[in-house]
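Reminder, nothing fancy here: chain letters follow the sequence lines and each chain counts from 1.
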Protein chains: 2
Amino acid sequence: MFFYICSMITELNSKQVEKISKALGDPYRLQIMDMISKRKDFMQCCEVSECFNLAQSTMSHHLKQLVEAELLVAEKEGRNLKFTINREICEAYSRYIARLGF
Amino acid sequence: MFFYICSMITELNSKQVEKISKALGDPYRLQIMDMISKRKDFMQCCEVSECFNLAQSTMSHHLKQLVEAELLVAEKEGRNLKFTINREICEAYSRYIARLGF
DNA sequence: TAAAAACATCGAAATATTTAGATATTTAAA
DNA sequence: TTTAAATATCTAAATATTTCGATGTTTTTA
(Lines give C-alpha, C1' and ligand atoms only; values in the text may rest on other atoms or scores of the structure.)
Protein backbone atom coordinates (compact mmCIF):
# COMPACT_ATOMS: atom_id res chain seq x y z
CA MET A 1 0.00 0.00 0.00
CA PHE A 2 1.32 3.38 -0.98
CA PHE A 3 0.70 6.81 0.42
CA TYR A 4 1.29 9.79 -1.73
CA ILE A 5 1.97 13.14 -0.16
CA CYS A 6 1.15 15.28 -3.10
CA SER A 7 2.12 18.92 -2.88
CA MET A 8 0.34 21.14 -5.37
CA ILE A 9 2.34 22.04 -8.42
CA THR A 10 2.15 25.74 -9.07
CA GLU A 11 0.75 26.63 -12.47
CA LEU A 12 1.23 30.18 -13.61
CA ASN A 13 -1.32 32.08 -15.63
CA SER A 14 -0.21 34.33 -18.43
CA LYS A 15 -0.56 37.52 -16.39
CA GLN A 16 1.89 36.10 -13.88
CA VAL A 17 4.26 35.01 -16.62
CA GLU A 18 4.11 38.47 -18.11
CA LYS A 19 4.89 40.07 -14.77
CA ILE A 20 7.76 37.71 -14.06
CA SER A 21 9.21 38.25 -17.52
CA LYS A 22 8.98 41.99 -17.10
CA ALA A 23 10.70 41.74 -13.74
CA LEU A 24 13.54 39.77 -15.29
CA GLY A 25 13.83 42.09 -18.27
CA ASP A 26 16.17 44.54 -16.61
CA PRO A 27 19.92 44.18 -16.17
CA TYR A 28 19.96 45.22 -12.52
CA ARG A 29 17.11 42.98 -11.49
CA LEU A 30 18.63 40.07 -13.34
CA GLN A 31 21.93 40.63 -11.52
CA ILE A 32 20.09 40.84 -8.22
CA MET A 33 18.46 37.48 -8.90
CA ASP A 34 21.81 35.99 -9.83
CA MET A 35 23.47 37.31 -6.70
CA ILE A 36 20.76 36.14 -4.37
CA SER A 37 20.59 32.74 -6.02
CA LYS A 38 24.29 32.23 -5.40
CA ARG A 39 23.83 32.62 -1.66
CA LYS A 40 23.18 29.55 0.42
CA ASP A 41 21.01 31.46 2.85
CA PHE A 42 19.55 34.91 2.21
CA MET A 43 20.68 38.35 1.30
CA GLN A 44 20.03 41.63 3.00
CA CYS A 45 18.65 44.61 1.18
CA CYS A 46 21.55 46.86 2.12
CA GLU A 47 24.05 44.25 0.94
CA VAL A 48 22.30 44.19 -2.41
CA SER A 49 22.37 47.97 -2.62
CA GLU A 50 26.08 48.14 -1.95
CA CYS A 51 26.79 46.11 -5.07
CA PHE A 52 25.25 48.61 -7.39
CA ASN A 53 25.82 52.22 -8.07
CA LEU A 54 22.19 53.15 -7.72
CA ALA A 55 20.25 55.30 -5.33
CA GLN A 56 18.64 53.53 -2.41
CA SER A 57 15.17 54.42 -3.62
CA THR A 58 15.94 52.93 -7.00
CA MET A 59 17.14 49.69 -5.49
CA SER A 60 14.08 49.55 -3.31
CA HIS A 61 11.96 49.90 -6.41
CA HIS A 62 13.75 47.07 -8.23
CA LEU A 63 13.51 44.74 -5.27
CA LYS A 64 9.83 45.54 -4.93
CA GLN A 65 9.19 44.49 -8.49
CA LEU A 66 10.95 41.18 -7.94
CA VAL A 67 8.92 40.60 -4.81
CA GLU A 68 5.68 41.55 -6.54
CA ALA A 69 6.47 39.12 -9.33
CA GLU A 70 6.98 36.60 -6.51
CA LEU A 71 10.46 35.78 -7.71
CA LEU A 72 11.80 36.88 -4.34
CA VAL A 73 10.41 36.44 -0.88
CA ALA A 74 11.10 39.27 1.54
CA GLU A 75 11.17 38.68 5.23
CA LYS A 76 11.36 41.53 7.68
CA GLU A 77 13.84 41.15 10.49
CA GLY A 78 14.02 44.17 12.70
CA ARG A 79 14.85 47.08 10.48
CA ASN A 80 16.32 44.81 7.80
CA LEU A 81 14.86 42.89 4.93
CA LYS A 82 16.04 39.41 4.05
CA PHE A 83 15.53 38.13 0.55
CA THR A 84 15.39 34.60 -0.68
CA ILE A 85 14.61 33.15 -4.07
CA ASN A 86 11.11 31.76 -4.45
CA ARG A 87 12.02 28.37 -5.86
CA GLU A 88 8.49 27.33 -6.55
CA ILE A 89 7.83 30.32 -8.77
CA CYS A 90 11.16 29.98 -10.55
CA GLU A 91 10.41 26.36 -11.28
CA ALA A 92 6.86 27.10 -12.39
CA TYR A 93 8.08 29.85 -14.70
CA SER A 94 10.81 27.62 -16.03
CA ARG A 95 8.26 24.91 -16.78
CA TYR A 96 5.97 27.37 -18.54
CA ILE A 97 8.80 28.44 -20.81
CA ALA A 98 9.95 24.89 -21.43
CA ARG A 99 6.46 23.98 -22.58
CA LEU A 100 6.59 26.69 -25.23
CA GLY A 101 9.29 24.69 -26.92
CA PHE A 102 7.13 21.65 -27.59
CA MET B 1 33.93 1.58 -29.08
CA PHE B 2 31.54 4.46 -28.78
CA PHE B 3 31.03 7.50 -30.89
CA TYR B 4 29.41 10.49 -29.38
CA ILE B 5 27.67 12.98 -31.54
CA CYS B 6 27.70 15.79 -29.12
CA SER B 7 25.53 18.75 -29.98
CA MET B 8 26.52 21.88 -28.13
CA ILE B 9 24.22 22.87 -25.32
CA THR B 10 23.31 26.50 -25.68
CA GLU B 11 24.28 28.64 -22.71
CA LEU B 12 22.77 32.08 -22.59
CA ASN B 13 24.60 35.10 -21.26
CA SER B 14 22.77 37.62 -19.15
CA LYS B 15 22.29 40.08 -22.01
CA GLN B 16 20.43 37.39 -23.93
CA VAL B 17 18.38 36.48 -20.88
CA GLU B 18 17.48 40.10 -20.41
CA LYS B 19 16.40 40.44 -24.03
CA ILE B 20 14.36 37.25 -23.94
CA SER B 21 12.69 38.30 -20.70
CA LYS B 22 11.86 41.68 -22.16
CA ALA B 23 10.42 40.03 -25.24
CA LEU B 24 8.19 37.84 -23.09
CA GLY B 25 7.12 40.71 -20.88
CA ASP B 26 4.27 41.85 -23.08
CA PRO B 27 0.79 40.34 -23.23
CA TYR B 28 0.62 40.26 -27.02
CA ARG B 29 4.03 38.72 -27.48
CA LEU B 30 3.30 36.13 -24.84
CA GLN B 31 0.07 35.21 -26.62
CA ILE B 32 1.91 35.01 -29.91
CA MET B 33 4.38 32.58 -28.39
CA ASP B 34 1.54 30.52 -26.94
CA MET B 35 -0.28 30.39 -30.25
CA ILE B 36 2.74 29.41 -32.26
CA SER B 37 3.79 26.81 -29.73
CA LYS B 38 0.41 25.11 -30.02
CA ARG B 39 0.91 24.56 -33.75
CA LYS B 40 2.49 21.35 -34.93
CA ASP B 41 4.14 23.03 -37.88
CA PHE B 42 4.50 26.79 -38.27
CA MET B 43 2.41 29.89 -38.31
CA GLN B 44 2.20 32.61 -40.90
CA CYS B 45 2.58 36.24 -40.02
CA CYS B 46 -0.81 37.21 -41.43
CA GLU B 47 -2.49 34.43 -39.47
CA VAL B 48 -0.94 35.81 -36.31
CA SER B 49 -2.08 39.32 -37.16
CA GLU B 50 -5.66 38.23 -37.68
CA CYS B 51 -5.88 37.06 -34.09
CA PHE B 52 -5.20 40.45 -32.64
CA ASN B 53 -6.79 43.79 -32.94
CA LEU B 54 -3.56 45.58 -33.69
CA ALA B 55 -2.23 47.46 -36.67
CA GLN B 56 -0.08 45.47 -39.05
CA SER B 57 2.94 47.59 -38.30
CA THR B 58 2.51 46.97 -34.60
CA MET B 59 2.31 43.24 -35.10
CA SER B 60 5.36 43.35 -37.30
CA HIS B 61 7.20 45.14 -34.52
CA HIS B 62 6.21 42.54 -31.91
CA LEU B 63 7.21 39.65 -34.10
CA LYS B 64 10.52 41.32 -34.81
CA GLN B 65 11.30 41.52 -31.13
CA LEU B 66 10.56 37.85 -30.65
CA VAL B 67 12.79 37.02 -33.58
CA GLU B 68 15.56 39.29 -32.33
CA ALA B 69 15.39 37.60 -28.95
CA GLU B 70 15.72 34.36 -30.95
CA LEU B 71 12.57 32.96 -29.39
CA LEU B 72 11.11 32.66 -32.88
CA VAL B 73 12.71 31.68 -36.14
CA ALA B 74 11.34 33.39 -39.22
CA GLU B 75 11.58 31.79 -42.60
CA LYS B 76 10.65 33.66 -45.71
CA GLU B 77 8.49 31.84 -48.22
CA GLY B 78 7.49 33.93 -51.15
CA ARG B 79 5.83 37.00 -49.79
CA ASN B 80 4.97 35.26 -46.55
CA LEU B 81 6.83 34.70 -43.32
CA LYS B 82 6.64 31.42 -41.47
CA PHE B 83 7.36 31.38 -37.75
CA THR B 84 8.46 28.53 -35.60
CA ILE B 85 9.49 28.34 -31.97
CA ASN B 86 13.22 28.17 -31.37
CA ARG B 87 13.25 25.19 -29.05
CA GLU B 88 16.89 25.43 -28.23
CA ILE B 89 16.60 28.99 -26.97
CA CYS B 90 13.43 28.23 -25.03
CA GLU B 91 15.14 25.33 -23.36
CA ALA B 92 18.29 27.31 -22.65
CA TYR B 93 16.26 30.13 -21.16
CA SER B 94 14.21 27.69 -19.14
CA ARG B 95 17.41 26.13 -17.78
CA TYR B 96 18.83 29.52 -16.86
CA ILE B 97 15.72 30.32 -14.85
CA ALA B 98 15.59 26.92 -13.22
CA ARG B 99 19.14 27.38 -12.02
CA LEU B 100 18.15 30.57 -10.22
CA GLY B 101 16.03 28.43 -7.95
CA PHE B 102 18.92 26.43 -6.56
C1' DT C 1 14.44 60.19 24.21
C1' DA C 2 17.30 61.76 20.48
C1' DA C 3 19.94 60.12 16.70
C1' DA C 4 20.99 56.81 13.30
C1' DA C 5 20.11 52.86 10.27
C1' DA C 6 17.23 50.43 7.02
C1' DC C 7 13.85 50.74 4.12
C1' DA C 8 9.48 52.83 1.65
C1' DT C 9 7.03 56.38 -0.74
C1' DC C 10 6.32 60.53 -3.49
C1' DG C 11 7.12 63.71 -7.27
C1' DA C 12 9.45 64.89 -11.27
C1' DA C 13 12.72 64.44 -15.03
C1' DA C 14 14.90 61.46 -18.37
C1' DT C 15 14.42 57.61 -21.16
C1' DA C 16 12.23 53.64 -23.40
C1' DT C 17 8.32 51.21 -25.27
C1' DT C 18 4.02 50.75 -27.61
C1' DT C 19 1.05 51.95 -31.12
C1' DA C 20 -0.89 53.64 -35.45
C1' DG C 21 -0.78 55.69 -39.96
C1' DA C 22 1.74 56.60 -44.03
C1' DT C 23 4.73 54.87 -47.14
C1' DA C 24 8.23 51.56 -49.09
C1' DT C 25 9.59 46.94 -50.63
C1' DT C 26 9.10 42.43 -52.37
C1' DT C 27 6.65 38.81 -54.53
C1' DA C 28 2.60 36.73 -56.65
C1' DA C 29 -1.47 36.98 -59.45
C1' DA C 30 -4.41 38.96 -63.01
C1' DT D 1 2.92 44.85 -66.64
C1' DT D 2 -0.31 46.60 -63.62
C1' DT D 3 -2.39 45.39 -59.36
C1' DA D 4 -2.74 43.29 -55.00
C1' DA D 5 -0.94 40.84 -50.96
C1' DA D 6 2.40 40.38 -47.30
C1' DT D 7 5.56 42.47 -44.75
C1' DA D 8 9.00 46.25 -43.24
C1' DT D 9 10.29 50.86 -42.07
C1' DC D 10 9.67 55.62 -40.60
C1' DT D 11 7.62 59.21 -37.84
C1' DA D 12 5.20 60.88 -34.15
C1' DA D 13 2.06 60.59 -30.30
C1' DA D 14 0.69 58.19 -26.16
C1' DT D 15 2.12 55.60 -22.43
C1' DA D 16 5.23 53.21 -19.26
C1' DT D 17 9.58 52.64 -16.93
C1' DT D 18 13.73 54.09 -14.73
C1' DT D 19 16.06 56.99 -11.81
C1' DC D 20 17.02 60.31 -8.26
C1' DG D 21 16.39 63.45 -4.42
C1' DA D 22 13.57 64.61 -0.70
C1' DT D 23 11.00 63.07 2.85
C1' DG D 24 8.42 59.60 5.76
C1' DT D 25 8.27 55.33 8.72
C1' DT D 26 9.96 51.92 11.70
C1' DT D 27 13.31 49.95 14.58
C1' DT D 28 17.58 49.94 16.91
C1' DT D 29 21.24 52.12 19.43
C1' DA D 30 23.52 55.77 22.09
Side-chain angles (χ1 to χ4, degrees), chain A residues 14-36 39 41-86, chain B residues 14-36 39 41-86:
Chain A
S14 66
K15 263 298 151 205
Q16 288 176 288
V17 173
E18 190 197 325
K19 194 159 195 175
I20 292 169
S21 304
K22 213 167 264 173
L24 293 173
D26 172 276
Y28 292 114
R29 291 194 296 265
L30 207 50
Q31 266 191 272
I32 292 170
M33 289 297 291
D34 267 329
M35 279 178 46
I36 296 181
R39 299 283 296 243
D41 43 356
F42 58 82
M43 194 147 185
Q44 292 206 163
C45 186
C46 49
E47 281 183 278
V48 179
S49 299
E50 281 163 12
C51 300
F52 301 94
N53 197 17
L54 286 179
Q56 176 266 321
S57 56
T58 305
M59 192 50 67
S60 181
H61 172 249
H62 283 312
L63 286 162
K64 190 180 179 185
Q65 280 183 78
L66 290 169
V67 171
E68 280 176 352
E70 297 186 82
L71 283 162
L72 290 183
V73 176
E75 202 191 328
K76 195 136 200 172
E77 197 179 66
R79 63 188 166 189
N80 299 295
L81 264 189
K82 291 173 11 177
F83 292 100
T84 43
I85 299 273
N86 188 342
Chain B
S14 65
K15 263 297 152 210
Q16 288 176 287
V17 173
E18 189 196 326
K19 195 161 195 175
I20 292 170
S21 303
K22 215 168 261 174
L24 293 173
D26 172 276
Y28 291 114
R29 292 194 295 265
L30 206 50
Q31 264 191 273
I32 293 171
M33 288 298 290
D34 266 329
M35 279 177 46
I36 296 181
R39 300 283 295 244
D41 45 354
F42 57 84
M43 195 147 185
Q44 291 206 163
C45 184
C46 50
E47 280 183 278
V48 180
S49 299
E50 282 163 12
C51 300
F52 300 94
N53 197 18
L54 288 179
Q56 176 267 322
S57 56
T58 304
M59 191 50 68
S60 182
H61 172 250
H62 283 311
L63 286 162
K64 191 180 180 184
Q65 282 184 75
L66 290 168
V67 170
E68 280 176 354
E70 296 186 83
L71 284 162
L72 290 182
V73 176
E75 201 191 328
K76 195 135 202 174
E77 197 179 65
R79 64 185 164 187
N80 299 296
L81 264 190
K82 290 172 13 177
F83 292 99
T84 45
I85 298 274
N86 187 343

J.: Could you please spell out the steps behind the side-chain contact (heavy atoms from CB on, under 4.5 Å) verdict for A:Lys15 and A:Lys19?
T.: CA-CA 6 Å; A:Lys15 263 298 151 205; A:Lys19 194 159 195 175; over 6 Å; no

J.: When you measure from the side chain of B:Leu54, which nucleotide among D:dT9, C:dT9, C:dT19 comes out closest?
T.: C:dT19

J.: Atom CD of A:Glu75 and atom C1' of C:dA6: how far apart are they, to the nearest Å?
T.: 16 Å

J.: Measure the distance from CD1 on B:Ile32 to C1' on C:dT18 and round it to the nearest whole Å.
T.: 13 Å

J.: Closest approach to the side chain of A:Cys45, judged atom by atom: which nucleotide of C:dT19, C:dC7, D:dT18 is it?
T.: C:dC7

J.: Classify the nucleic acid contact of A:Leu63 as base, sugar-phosphate or nothing, counting any heavy atom under 4.0 Å across all strands shown.
T.: nothing

J.: Please test B:Val48 against B:His62 for side-chain contact (heavy atoms from CB on, under 4.5 Å), starting from the C-alpha separation and ending with a verdict.
T.: CA-CA 11 Å; B:Val48 180; B:His62 283 311; over 6 Å; no

J.: Where the side chain of B:Arg79 is concerned, which of D:dA8, C:dA29, C:dC7 is the nearest nucleotide?
T.: C:dA29

J.: In whole angstroms, how far is the P atom of D:dT26 from the NZ atom of A:Lys76?
T.: 9 Å

J.: Please report the distance, rounded to the nearest Å, between CD in A:Glu18 and P in C:dT17.
T.: 15 Å

J.: Any idea which heavy atoms bring B:Ala69 and B:Ile20 closest together, and the distance?
T.: O-CG1, 3.5 Å

J.: B:Asn80 has a side chain; which of D:dA6, C:dT9, D:dT18 sits nearest to it?
T.: D:dA6

J.: Hey, does the side-chain of B:Gln56 have a donor or acceptor N/O within less than 3.5 Å of a partner on the base of D:dA8?
T.: yes

J.: Does D:dT9 have OP1 or OP2 under 4.0 Å away from a side-chain N or O of B:Lys64?
T.: yes

J.: Please report, rounded to the nearest Å, how far the P atom of C:dT19 is from the CG atom of B:Asn53.
T.: 11 Å

J.: If you define the side chain from C-beta out and look only at heavy atoms, does anything of A:Ile32 sit under 4.5 Å from A:Met59?
T.: yes

J.: It should be established whether B:His62 places a side-chain nitrogen or oxygen under 4.0 Å from OP1 or OP2 of nucleotide C:dT19.
T.: yes

J.: Quick check: closest heavy atoms across A:Lys22 and A:Arg29, and the distance to 0.1 Å?
T.: O-NH2, 3.2 Å

J.: Expressed as a whole number of angstroms, how long is the span from A:Lys22:NZ to C:dA16:P?
T.: 17 Å

J.: According to a strict under-4.0 Å criterion, is A:Thr58 in side-chain N/O contact with OP1 or OP2 of D:dT18?
T.: no

J.: Just the rounded figure in Å: distance from C1' of D:dT18 to CG of A:Leu66.
T.: 14 Å

J.: So which atom in A:Leu71 and which in A:Ala23 form the shortest heavy-atom distance, rounded to 0.1 Å?
T.: CD1-CB, 4.0 Å

J.: For A:Met59 and for A:Gly78, locate the closest nucleotide of DNA chain D by heavy-atom distance; then report the residue assigned to the nucleotide nearer the 5' terminus.
T.: A:Met59

J.: For a quick test of reading the model: is some side-chain N or O of A:Gln65 closer than 4.0 Å to OP1 or OP2 of D:dT18?
T.: yes

J.: I want to check one thing: is the phosphate of D:dC20, taken as OP1 and OP2, less than 4.0 Å away from some side-chain N or O of A:Ser57?
T.: no

J.: Write down the distance between CZ (A:Arg29) and C1' (D:dT19), rounded to a whole number of angstrom.
T.: 12 Å

J.: Heavy atoms under 4.0 Å, any strand shown: does B:Lys82 hit a base, just sugar-phosphate, or nothing?
T.: nothing

J.: Where the side chain of A:Leu81 is defined as all heavy atoms beyond and including C-beta, which of D:dT19, C:dA8, C:dT18 is the nearest nucleotide?
T.: C:dA8

